[in-house]
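Below: the structure, in C-alpha cells.
The residues of the chain are indexed from 1 along the displayed sequence.
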Amino acid sequence: MHLLLKLFKIILLLLVALFALGRLTHRSLPEHEKSLPSRHLSDTAHTTLGQVAAAALAGRAGQNGIHPLTDGHDAFAARALLAEAAERSIDAQYYIWHDDTAGRLLLQALRQAADRGVRVRLLLDDNNTAGMDPVLKGLDEHPNIELRLFNPFMQRGFRPLGYLSDFSRLNRRMHNKSFTVDNQITIVGGRNVGNEYFGASDGVMFADLDVAAIGPVVEQVSRDFDRYWASASSHAAREIIDAGTTAIDIGNRPGEDQATRDYLQVLSRSKLLNELKAGKLSFSWADARLLSDDPAKALGQASRQQVMIGQFDAQMKKARRNLTIVSPYFVPTETGARMLEDMARRGVSVAVLTNALSATDVAVVHAGYAKYRERLLRAGVRLFELKPDATVIVKDHGGITGSSGASLHAKTFEVDGEQLFVGSFNMDPRSVALNTEMGVLIDSPELAGQLRDALASHRAHAYELSLLDGKLRWTTEEDGKTVVYDEEPHTRSLQRLGVRLMSWLPIEWLL
C-alpha cells in the first residue's frame, strides 16, 4: 500500500511538471487574418473537366452523376488523374495526409498542377502533421499553393504538451475529407490520404468508401470548403510553422524508391484509371445534397441547427422498412441506442456493420461499443462485425471481398433501399459533438441497394452476433462451414480483459 501511494505521488508530480512545462512553452494562436476572402473559382465551364461534365449532365437538369470509389487503387488513381487534368483550381481538405508513398505522390501531383498555373488550396487538420513541417513549408512557398492548418498546435515539437495547456481546443478536430477540381468534380467520403487508404501498405489496410460526383452537389462542396477556409480555426501555415524550419521542395526529392515504383505499376492496371483515360467513366444519376457541420463546431459555438446530427437523426428516423449502418467506430450512446431499439421494435429491419475486436485499430472505441451489444440484440437490431480478412464494402455491384490485414473505415448508411449517405461521419460521440464532419446524401435506389446487397453477402467475411441463454455468440462461415464462437473471435484473453476494463471508464464522450 505504501509503495502504491508513493507511485501515485510520483505520477502526480510528473503530471504537474508536464502541465507547468506546457504552460511555459505555450504559444498563443496568431490573430486571425483579416485579408480579403478566398473563394472557389466558379468560371470553369470552359475547362476540359467542365466540358466533360456538361456533356454527361446534358438533359439531366438538377441531377448529379455519382461514381462509388470502393477500391483503394481506383480511389488514388481518381485523385491523381483529376489533379493531372486540373486547369484552374484544386481545393483539398483532409484530416490525415501522411508523408508516405501515397501521400508524397499526391503532394507531387498538387505541386505539378501548381507549376502549370493551377491555384491549389490545401486545408489540413493539424492533428496528424507531426514531422511534416519542412514539406508543408516547401509547399506553402510555391506562389500557386495556399496552405492552411485547422486548429493548429502552437507547440510544434512535443505536441502532447499542447494538450496539457490547451486541451479543450485541441480535442476538437476537422475530420472532413474532400478533393474538388475546377469546381466541376469532387471526391467526398471516408478516405484520408495515406498508404493504408489506397492499397499501398504491407500492414493493415482500410476498407473504405468514397464517391466521385459531378453536378450541383459540387458547388455545395466548394462553398462549404470556402467557409472552412475562412473559419476562425483555419490559420495560414506561414503563421504557424516555425520561421527557422528548413523547407523541403517536394518537387526536388530523391528519385522514386522501389515501393513507389511497385505501387505505380499496380496503379497502371487500375480499371478506373483506364476508364478515366478513355472518357468512359460510368455514373449513377441521382439527386444529392451535402450534409456538413458548421466550422464553428470546432470552437464549441455551433447550435444543433448548424451541425449534422440533427439531419442524421431525421434521415434515419424516416426508415419504414430497413436501415443499414456501416461505421468502423460505432458507439451509439444511450440516445442512439434508444432510437435504434425503438425503430427495431416498430418493425424496421435495423442492421449495423462495424469492426470486430480483431479488426479494429482503436480498441478503446470497441470497448465503448461492446457494452451496447446485448441490449441492441434483445431489441431486434442485427449486429455484424467485420473480420480482419475483409476489404471493400461494395465491389462490382455488391459483395465483400477478402484480403489479409484489413480494418473497416467506411462510414455510410442506407434507408429503405432508397437513400445512401457517404462521408466522414462515424456513429460515435466524437463525430456528434467534437469533430467537424461532412458527407453527401444520395437519393439512389441503385446505390442504396448495392450497400444492402453487400451486407447480405457478409457470411464469409463477417461475424453475425446473437444471444444464447443471455450470452453473446459470433456466427460465420469458414471453409464453407458454419462456425460459432462463444467469445470475441481470434483475440487473446488479455485483449478481452482490456476491453472490459476500458468499458468501465467514464470516457464515452471522448470516443
Side-chain angles (χ1 to χ4, degrees), residues 93-96 123 125-128 150-153 162-164 166-178 188-190 192 224 227-228 231-234 290-317 323 325-342 352 354-355 360-372 376 409-413 421-441 502-511:
Q93 176 181 16
Y94 282 96
Y95 173 60
I96 294 174
L123 177 59
D125 185 273
D126 198 37
N127 193 47
N128 296 282
F150 193 92
N151 223 353
F153 285 75
Y163 278 113
L164 287 171
D166 202 5
F167 179 80
S168 61
R169 179 179 69 86
L170 294 175
N171 187 43
R172 295 176 177 271
R173 309 310 319 173
M174 182 194 75
H175 198 234
N176 310 38
K177 305 139 177 44
S178 68
V188 174
N192 294 297
D224 196 60
R227 68 172 183 164
Y228 271 84
S231 74
S233 296
S234 297
L290 177 71
L291 303 183
S292 176
D293 285 323
D294 190 299
K297 182 182 178 184
L299 298 172
Q301 298 175 357
S303 67
R304 187 173 176 84
Q305 289 71 37
Q306 295 173 298
V307 296
M308 286 176 62
I309 186 58
Q311 301 172 73
F312 245 62
D313 285 352
Q315 294 302 320
M316 289 185 177
K317 288 176 180 176
L323 172 66
I325 296 172
V326 176
S327 181
Y329 313 118
F330 177 67
V331 184
T333 72
E334 182 65 30
T335 300
R338 280 201 307 269
M339 182 187 79
L340 296 180
E341 288 167 344
D342 290 344
V352 179
T354 191
N355 276 312
T360 188
D361 63 323
V362 187
V364 67
V365 175
H366 188 86
Y369 146 72
K371 62 188 178 184
Y372 289 98
L376 290 173
H409 197 260
K411 308 102 167 46
T412 180
F413 69 81
F421 171 84
V422 178
S424 67
F425 193 101
N426 289 303
M427 306 294 175
D428 63 18
R430 178 160 287 277
S431 284
V432 169
L434 296 175
N435 293 346
T436 66
E437 308 287 355
M438 68 181 299
V440 288
L441 186 66
M502 286 186 287
S503 71
W504 296 340
L505 298 175
I507 57 172
E508 183 175 270
W509 66 281
L510 285 170
L511 302 180

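The shortest non-hydrogen separation linking Arg304 to Gly310 is NH2-CA, 4.0 Å. Asn426 and His175 get closest at one heavy-atom pair: ND2-CE1, 3.6 Å. Among all heavy-atom pairs drawn from Tyr95 and Arg173, the shortest one is CE1-CB, 3.8 Å. Here the shortest heavy-atom pairing between Asn128 and Ile96 reads ND2-CG1, 3.3 Å. In terms of heavy-atom proximity, Met316 sits nearest to Ile325 at CE-CD1, 4.1 Å. Heavy-atom minimum distance, Ala298 versus Asn151: O-ND2, 4.1 Å.
Atom CD of Glu437 sits about 6.5 Å away from atom CG of Asn176, to the nearest 0.5 Å. Note that CG of Asp313 is 5.0 Å distant from CE of Met339, once rounded to the nearest 0.5 Å. Residue His409 holds its NE2 atom at 10.0 Å from OG of Ser327, rounded to the nearest 0.5 Å. Atoms CD and OH, on Gln93 and Tyr228 in that order, are 6.5 Å from each other to the nearest 0.5 Å. Between the CG atom of Leu340 and the NZ atom of Lys317 there is a distance of 10.5 Å, given to the nearest 0.5 Å. For the atom pair CG of Leu434 and CG of Leu510, the computed distance is 7.0 Å after rounding to the nearest 0.5 Å.
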Quiz item: When you look at Asn435 and Asp125, which way does the side-chain contact (heavy atoms from CB on, under 4.5 Å) test go after all the steps?
Solution: CA-CA 11 Å; Asn435 293 346; Asp125 185 273; over 6 Å; no
Practice problem: Step by step, work out the side-chain hydrogen bond (donor to acceptor under 3.5 Å, both in side chains) result for Tyr329 and Asp361. | Solution: CA-CA 9 Å; Tyr329 313 118; Asp361 63 323; 2.8 Å; yes
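Between Asn127 and Phe153 there is a side-chain heavy-atom pair separated by less than 4.5 Å. Within the 4.5 Å cutoff, the side chain of Val422 has no heavy atoms near those of the Val188 side chain. Two residues are said to be in side-chain contact when any heavy atoms from C-beta on lie closer than 4.5 Å; Ser233 and Met174 fail this criterion. Side-chain atoms of Arg430 and Val365, non-hydrogen and from C-beta on, never get closer than 4.5 Å to each other. Looking at heavy atoms from C-beta onward, His366 lies out of side-chain contact with Asn355 at the 4.5 angstrom threshold.
Here the side chain of Lys411 pairs no donor or acceptor atom with the backbone of Met427 at under 3.5 angstrom. In this structure a side-chain-to-backbone donor-acceptor pair under 3.5 Å is missing from Ser431 to Phe425. A donor-acceptor contact shorter than 3.5 Å is absent between the side chain of Gln311 and the backbone of Met308. With hydrogens and angles disregarded, no donor-acceptor distance shorter than 3.5 Å links the side chain of Lys371 to the backbone of Tyr369. Side chain of Ser503 to main chain of Gly368: no donor-acceptor pair is present (N/O by atom type, distance under 3.5 Å, no hydrogens or angles). In this structure, Ser424 contributes its side chain and Gly190 its backbone to no donor-acceptor pair below 3.5 Å.
A distance of 6.0 Å or more separates the ring centres of Tyr372 and Phe330.
Under the salt bridge (Lys or Arg N to Asp or Glu O under 4.0 Å) criterion, Arg172 pairs with no residue at all, not counting sequence neighbours. Applying the salt bridge (Lys or Arg N to Asp or Glu O under 4.0 Å) criterion to Arg227, with sequence neighbours excluded, gives Asp224, Asp294.
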